[in-house]
Number of protein chains: 2
Amino acid sequence: MSQDGVGVDLKTSLGYLLKEASSVLRAAMEEVLRPLGMSVTHYSCLELLAQRPGLSNSELARGAFVTRQTMNVLLQALEREGHVTRPAEAPVGKVLPTRLTPRGRRSLEKATVAVRSVEVRMLAGMTETEQAGAFRILQSMIHSLRDGNDGA
Amino acid sequence: MSQDGVGVDLKTSLGYLLKEASSVLRAAMEEVLRPLGMSVTHYSCLELLAQRPGLSNSELARGAFVTRQTMNVLLQALEREGHVTRPAEAPVGKVLPTRLTPRGRRSLEKATVAVRSVEVRMLAGMTETEQAGAFRILQSMIHSLRDGNDGA
DNA sequence: TGACTCATGTCAGAATTCTGACATAGGTTG
DNA sequence: CAACCTATGTCAGAATTCTGACATGAGTCA
């Protein structure tokens, strides 16, 4: 009655499982980051800046999967706490390139260790081949959903 | 510089990709549900009730990956709009079994069609074998993160 | 050059979700 | 039976994120 050919069976739905996995991952990350007084978005922002210094507010927002307004709020807090710096005026256009301070880098280091432990735990029991397969499949899903044709 | 052996390289991180996939999926679902005046959590709740009638508030919350307080707010709205019904008093304990009304069922039907189109699009380009592999891998991740053991 | 379009940073208010707290029901254990 | 523990439903307030809106800078095109 619930799946008469038209329903979405949650027990076998990849979308539902994806949401569950994401939820569990987020909870696990929050758990290890809480003792450091850091949220997941918080950490994502610092990690992005470490790997790609000089990212703008909007670029950080896209990388952390939040709106640029949300990232702006976070950046203002991080700036106030001395974890990141932004020039008072934009070198070009309106884009303000953001950079980690030494303090932000130290803060990130501890967080990275914690997050890495979660990622290692998540990958436990998966072979390298399986991990590569998972990577490819997730990318396929993302690509299919992004380049979406207009709804039929 | 960014991954001196200790960093988490976002470009190759399965956790990051998982978050991205989940984000894109959510956006795609919101896009098709918006014309129906329905949110993802909204839809999740109705779909859960269709497949497992009589679920309690707390069980629905776990199934939709939100807190029971959040689900309670949603259920009160759905009840007010006549999409679900709950008995005034608990048959046993404090648990209030929730059920879809005919109206809720009709509302869900439209949403299911929309969500199904997203899921189909997401799976485009994946063979049945790949889908089965993805399913197994996601379950493995969830299991490993839940029971902190290395699932090896 | 001027009009148009797009992306950005930012402020403000709304919506959503969460954390904290409380009372109550049921099971467990001594 | 009594004490304890867990789970549930619910209220209230806080935190987070989002949508709407505006001004500005850069690129495009006629």
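Chain letters run A, B, ... following the sequence lines, proteins first, then strands; residues in each count from 1.
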Going by the angle between their ring planes, with limits at 30° and 60°, are A/H83 and A/H42 parallel, tilted or perpendicular? perpendicular
Taking all non-hydrogen atoms of both residues, which atom of B/L14 and which atom of A/Q131 are closest, and how far apart? CD1-O, 4.2 Å
Does the side chain of A/Q69 get closer than 4.0 angstrom to OP1 or OP2 of D/dG20 through an N or O atom? no
Integer-rounded Å distance: D/dC18 P and A/F65 CZ: 12 Å
If you find the nucleotide of DNA chain D closest to A/G93 and the one closest to A/V73, which residue's nucleotide is nearer the 5' end? A/V73
Taking the basic N atoms (NZ, or NE/NH1/NH2) and the acidic carboxylate oxygens, is any pair closer than 4.0 Å for A/R103 and A/E81? no
Between D/dC18 and A/T70, is there an OP1 or OP2 to side-chain N/O distance shorter than 4.0 Å? yes
Would you check if the side chain of A/S22 reaches a backbone N or O of A/L18 as a donor-acceptor pair within less than 3.5 Å? no
Whole Å only: how far is the CG atom of B/L74 from the P atom of C/dC18? 12 Å
Rounded to whole angstroms, how far apart are CG on A/L75 and P on D/dT17? 12 Å
Specify the separation, in whole Å, of atom CG of B/L96 and atom P of C/dG26. 12 Å
By nearest-heavy-atom nucleotide on DNA chain C, the more 5' of A/R34 and A/S58 is A/S58
Can you check the A/Q76 CD to C/dA12 C1' distance for me, whole Å? 12 Å
What is the distance, rounded to the nearest whole Å, between atom CZ of A/R68 and atom P of C/dC6? 14 Å
Roughly, in whole Å, what's the span from CD in B/E79 to P in D/dG9? 12 Å
Any side-chain N or O of B/T41 under 4.0 Å from OP1/OP2 of C/dT16? no
Side-chain N or O of B/R86 less than 4.0 angstrom from OP1 or OP2 on D/dT8? no
Please list, by residue number, the residues of residues 16-30 of chain B whose heavy atoms come closer than 4.0 Å to an atom of DNA chain C; answer none if no residue qualifies. none
Report yes if some heavy atom in the side chain of B/R52 is under 4.5 Å from a heavy atom in the side chain of A/L10; otherwise report no. no
In terms of side-chain geometry, is the basic nitrogen of A/E109 or A/R105 positioned less than 4.0 Å from the acidic oxygen of its partner? no
OP1 or OP2 of D/dC18 under 4.0 Å from side-chain N/O of A/T67: yes
Pairwise side-chain contact, B/L46 with B/V84, heavy-atom cut-off 4.5 Å (strictly under): yes
With a 4.0 Å cut-off on heavy atoms, is A/S39 in touch with a base, just the backbone sugar-phosphate, or nothing at all? nothing
Between D/dG9 atom P and B/E89 atom CD, what is the distance in whole Å? 15 Å
Taking only side-chain N and O atoms of A/N72, does any of them lie within less than 4.0 angstrom of OP1 or OP2 on C/dT10? yes
